[in-house]
Amino acid sequence: MGDDSGLGSDNIDWNTDDELEIEGFHSSCSTVSNAHTITAGSVEARSFAGPSNTKVFDNFISMGFPAEVVSKVIQEYGEENEDKLLEEILTYSASSSAGPSNTKVFDHFISMGFRAEVVSKVIQEYGEENKDKLLEEILTYTALESSSQQQQQQVEPDPTSSEYAGSSWDDLSDDDAFSDDEMPKSGDDDTLLALVKMGFKEQEALVAIERLGQDASLDDLVDFIGVAQLVKAEDSLLPPEDKPQSSGHSKLKKRSLYEYEVLGKKRPKVIEKRGVCEEDDEAQALNLPNPMVGFGIPTEPSSLVTHRRLPENAIGPPYFYYENVALAPKGVWQTISRFLYDVEPEYVDSKYFCAAARKRGYIHNLPISNRFPLLPLPPRTIHDAFPLLRRWWPSWDPRTNLNCLQTVHGSARLTDRIRKAVESCEHLEEPTDVVKKYVLDQCRKWNLVWVGKNKVAPLEPDEVEMLLGFPRNHTRGGGISRTDRFKSLGNSFQVDTVAYHLSVLKEMYPDGVNLLSLFSGIGGAEVALHRLGIPLKTVVSVEKSEVNRNIVRSWWEQTNQKGNLIDMDDVQQLDSDRLEQLMSIYGGFDLIVGGSPCNNLAGSNRVSRNGLEGSESSLFYDYFRILDLVKAMAPRFR
DNA sequence: AATAGAATGACTATTAGG
DNA sequence: CCTAATAGTCATTCTATT
């Protein structure tokens with residue numbers, strides 16, 4: 001576009017539309033000298049608020065945005081939050097090419113003090129011919145909105161849309177499946193009922209009963225279920241509710257508030273107190289390490305912890321390796337640890353293994369001495385991982401590591417907005433602080449990288465594969481879409497991290513291992529063991545998603561595996577009979593790996609972050625169930 | 001039908017700053 | 001020591017577009 005003349009011409013380029021009257025732009029661009037009736041609002045906005053306003057205004061004007069847009073947005077959102085302002089300006093500029101013919105009418109109503117959102121919505125619906133009709137509608141709308149409820153009620157539930165997500169991970173018909181199984185069976189009705197009335201979740205209570213036997217005392221069961229639930233038990237001193245679903249939600253909020261207000265203040269004083277709070281100490285024992293390096297990482301041998309004492313009934317074989325997100329809601333890792341034989345979690349951030357962060361907790365009973373990493377060591381900075389990008393990387397973007405690779409990625413429209421924002425500062429030697437903050441925030445949020453002049457982009461699936469330690473094209477082809485690739489990769493292990501932990505098995509099993517892989521995903525554990533040079537004798541892989549099973553199967557064939565790959569789609573199928581059958585054919589399992597679903601634990605989930613009892617994340621209890629079965633059966637298959 | 005884009009905050013750990 | 005601000009997170013669901 002034309003950089004030839006001054007600021008004015010740039011503004012016009014930004015918004016090219018045939019029907020735009022020159023007059024409209026003329027009036028808005030020359031607001032200071034020539035105040036028409038239409039732009040009076042903009043002028044007032046400037047002159048009223050005094051010098052500070054002028055500064056913010058000028059700031060954006062100097063970036064090259066049209067005065068018309070800037071004043072409009074400032075009027076609506078105030079001038080305090082410049083970040084918000086920039087975002088709005090960019091959003092407006094991106095969407096304005098669609099139908100900007102309404103500038104005049106739009107300005108008219110805006111200058112009357114109505115919200116831009118409402119005005120544009122109404123204009124879109126009724127056109128801009130009849131101003132009186134418009135005003136009526138705007139008033140109705142505004143009144144409706146301010147009175148009480150949203151006006152969105154008329155959306156009909158669409159039966160097809162709820163089935164949309166049912167492609168891979170999500171088609172566990174959760175509600176029915178669980179409520180059927182959760183129905184108390186026979187003998188332990190009383191105990192279970194008592195526990196449920198005390199506020200425990202049925203699933204959890206059932207497992208506790210299964211673990212401790214049916215004639216365990218109530219106290220033991222309560223103790224087993226864990227510290228986190230004691231707080232919940234206090235809550236249920238209130239009249240017990242019948243509906244665990246709805247009341248559980250409000251209870252959860254109440255509880256966290258309770259913890260924040262009471263425990264948060266108590267914590268520091270715990271040291272002083274003696275006999276009162278025994279349980280709190282344990283909760284404190286599971287703090288996240290800083291730096292998050294677990295028992296050690298390859299590059300910092302100085303921080304190595306080479307020995308630990310495992311609880312007696314945790315000691316293998318068989319060995320087990322469990323993984324999930326480190327930043328789960330409070331109490332989740334206490335519960336997981338409690339079930340997995342009180343083994344302490346090892347929290348590791350994969351940013352010490354590759355260029356992307358990945359904060360995860362691992363619970364395993366593997367030895368931790370003489371670990372070794374996969375070679376070659378992967379690049380650990382963005383620049384080493386993507387040397388070609390260095391050329392385009394601005395000096396004011398200080399990132400050296402990417403954030404966690406997730407299942408969704410930034411859109412093309414977002415990268416376009418970012419390009420516009422940076423270009424708006426091109427006449428300066430460096431973008432203004434507001435633009436920098438906006439761009440960096442978005443880049444960090446969406447893991448964007450610089451791929452050209454003023455140009456950012458999300459990572460390609462190939463690049464994500466590389467960062468996570470998978471062979472190139474591991475998830476490519478065979479009927480998997482780009483969206484599915486991102487999703488499967490985002491849910492996967494970081495291979496180098498897992499391999500480092502599993503490396504101790506190499507000298508213990510020179511002839512290979514029998515692997516039970518639950519929630520296999522795209523086969524992170526299998527790939528890790530293979531790259532370590534540990535032969536895979538028999539792999540029983542349980543994975544719900546068909547595309548993921550295909551990926552693993554395809555990898556299995558491409559790498560000329562000699563062993564047997566047995567896959568199934570549902571952990572529920574894996575009961576003691578099936579295990580008995582498998583183990584009698586192939587021998588006992590040496591290693592049980594699993595990263596159970598994180599859906600209901602992950603921070604990104606706004607909708608159903610229900611903790612361990614969520615419909616997907618509660619599958620952790622199946623990992624435990626199967627592991628416990630295999631442990632019990634192991635002596636007979638050795 | 002399939003896909004991309006966008007809207008949807010809470011929770012927790014960490015740092016900054018008195 | 002405290003509080004306040006900041007940063008980051010294996011996501012879900014609806015809508016518009018192709």
Side-chain angles (χ1 to χ4, degrees), chain A residues 83 87 91 94-95 98 117 150 152 155-158 160-167 169-170 249 252-253 255-257 259-260 263-265 267-269 271 286-292 323-333 347 349-351 356-361 399 401-417 437 440-447 458 464 467-468 479 481-494 497-498 519 521-522 524 548 595-611 614-617:
Chain A
D83 299 339
E87 208 169 323
T91 307
S95 63
E117 194 187 340
Q150 298 283 353
Q152 313 262 26
V155 248
E156 312 138 14
D158 184 3
T160 58
S161 70
S162 64
E163 274 178 357
Y164 151 72
S167 56
W169 289 84
D170 309 298
H249 197 50
L252 202 66
K253 286 193 173 176
R255 182 173 61 128
S256 49
L257 197 66
E259 283 179 348
Y260 181 78
L263 296 185
K265 288 185 180 175
R267 279 283 162 77
K269 298 174 187 169
I271 308 155
L286 293 184
N287 279 337
L288 295 175
N290 189 13
M292 197 182 277
E323 178 261 10
N324 217 320
V325 290
L327 288 89
K330 259 186 176 165
V332 166
W333 275 106
Y347 297 106
D349 189 340
S350 291
K351 76 176 180 183
R358 205 167 188 80
K359 298 181 182 65
R360 296 293 180 269
R399 291 178 298 158
N401 278 276
L402 292 162
N403 282 332
C404 184
L405 305 165
Q406 301 192 240
T407 56
V408 287
H409 59 93
S411 67
R413 307 253 289 273
L414 173 66
T415 62
D416 194 45
R417 288 197 291 270
K437 184 173 189 321
L440 284 176
D441 281 351
Q442 296 299 315
C443 284
R444 281 193 247 257
K445 181 175 178 182
W446 293 103
N447 263 333
V464 179
L467 287 167
L468 291 177
S481 72
R482 188 181 157 85
T483 310
D484 283 342
R485 281 183 85 182
F486 278 116
K487 189 166 184 178
S488 294
L489 285 163
N491 281 307
S492 170
F493 288 167
Q494 206 286 325
T497 311
V498 172
F519 317 107
I522 57 176
N548 284 350
S596 65
C598 68
N599 302 21
N600 309 117
L601 312 179
S604 308
N605 190 341
R606 278 105 153 127
V607 181
S608 52
R609 196 184 187 188
N610 307 326
S615 52
E616 279 85 31
S617 291

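Just so we're on the same page: letters track the sequence lines, and every chain starts at 1.
Within the 4.5 Å cutoff, the side chain of A:W446 has heavy atoms near those of the A:V408 side chain. Using a 4.5 Å heavy-atom cutoff, the side chains of A:V498 and A:E323 are not in contact. With a 4.5 Å cut-off on side-chain heavy atoms, A:L468 and A:R358 count as touching. A 4.5 Å side-chain heavy-atom check between A:P329 and A:R609 finds at least one atom pair inside the cut-off.
Closest to the side chain of A:V408, out of C:dT12, C:dC10, B:dA4, is C:dT12. Nearest nucleotide to the side chain of A:R413, out of B:dA4, C:dT9, B:dA6: B:dA6. Listed nucleotides B:dG5, C:dT13, C:dC10 differ in distance to A:T407; the shortest reach to its side chain belongs to C:dC10. When each of C:dC10, B:dG5, C:dG8 is scored by its nearest atom to the side-chain atoms of A:A602, the top-ranked nucleotide is C:dC10. Comparing B:dG5, C:dG8, B:dG9 by their closest approach to the side chain of A:R606 singles out B:dG9. In the set B:dT3, C:dG8, C:dT12, C:dT12 carries the atom at the smallest distance from any side-chain atom of A:N605. Residue A:R609 has its side chain nearest to B:dC11 when only C:dT12, B:dG5, B:dC11 are considered.
Stem list for DNA chain C (at least 3 consecutive Watson-Crick or G-U pairs, distances under 3.5 Å): B:1-8 with C:11-18, B:10-18 with C:1-9.
For A:R606, the salt bridge (Lys or Arg N to Asp or Glu O under 4.0 Å) criterion is met by no residue, not counting sequence neighbours. Under the side chain to side chain contact (heavy atoms under 4.5 Å, CB included) criterion, A:T407 pairs with A:K487, A:N491, not counting sequence neighbours. Contacts of A:A602 classified as side chain to side chain contact (heavy atoms under 4.5 Å, CB included), with partners at least two apart in sequence or in another chain: A:C598. Evaluation of the side-chain hydrogen bond (donor to acceptor under 3.5 Å, both in side chains) rule for A:D441 yields A:K437 as partners, not counting sequence neighbours.
Rounded to an integer number of Å, the gap from A:N600 CG to B:dC11 C1' is 15 Å. Whole-Å rounding puts the A:L405 CG to C:dG8 C1' distance at 13 Å. When the C1' atom of B:dT12 is taken as reference, atom CG of A:N324 falls 16 Å away, rounded to whole Å. Spacing between atom NZ of A:K359 and atom P of C:dA7 amounts to 14 Å, rounded to whole angstrom units. Counting to the nearest Å, the P atom of C:dC10 and the NE2 atom of A:H409 are 18 Å from each other. In this structure, A:R360 places its CZ atom 15 Å from P of C:dG8, rounding to the nearest Å. Atom-to-atom, CH2 of A:W446 to C1' of B:dA7 comes out at 10 Å; the value is rounded to the nearest Å. Rounded to whole Å, the distance from NZ on A:K445 to P on C:dA7 is 13 Å.
Counting non-hydrogen atoms under 4.0 angstrom, A:C598 reaches a base of the nucleic acid. A:S617 comes within 4.0 angstrom of nothing in the nucleic acid, heavy atoms only.
For the pair A:N403 (side chain) and A:R444 (backbone), a donor-acceptor distance under 3.5 Å is present. A:D349 places no side-chain N or O within donor-acceptor distance of the main-chain N or O of A:M292, the cut-off being under 3.5 Å. Using modelled atom types, one side-chain atom of A:Q494 and one backbone atom of A:L467 make a donor-acceptor pair closer than 3.5 Å.
Taking the nucleotide of DNA chain B with the nearest heavy atom to each of A:A328 and A:G603, the more 5' of the two is matched to A:G603. Mapping A:L402 and A:S608 onto DNA chain C via the closest heavy atom, the residue that lands nearer the 5' end is A:L402.
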Between the protein and nucleotides 13-15 of chain B, list the N/O to N/O atom pairs that are separated by less than 3.5 angstrom.
none

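Contact between the side-chain N/O atoms of A:S604 and the OP1/OP2 oxygens of C:dA11 is found at a separation under 4.0 Å. Remark: A:Q406 is in phosphate contact with C:dA11, judged by side-chain N or O atoms under 4.0 Å from OP1 or OP2.
Spacing between B:dG9 and C:dT6 at atom C1', rounded to whole Å, works out to 16 Å.
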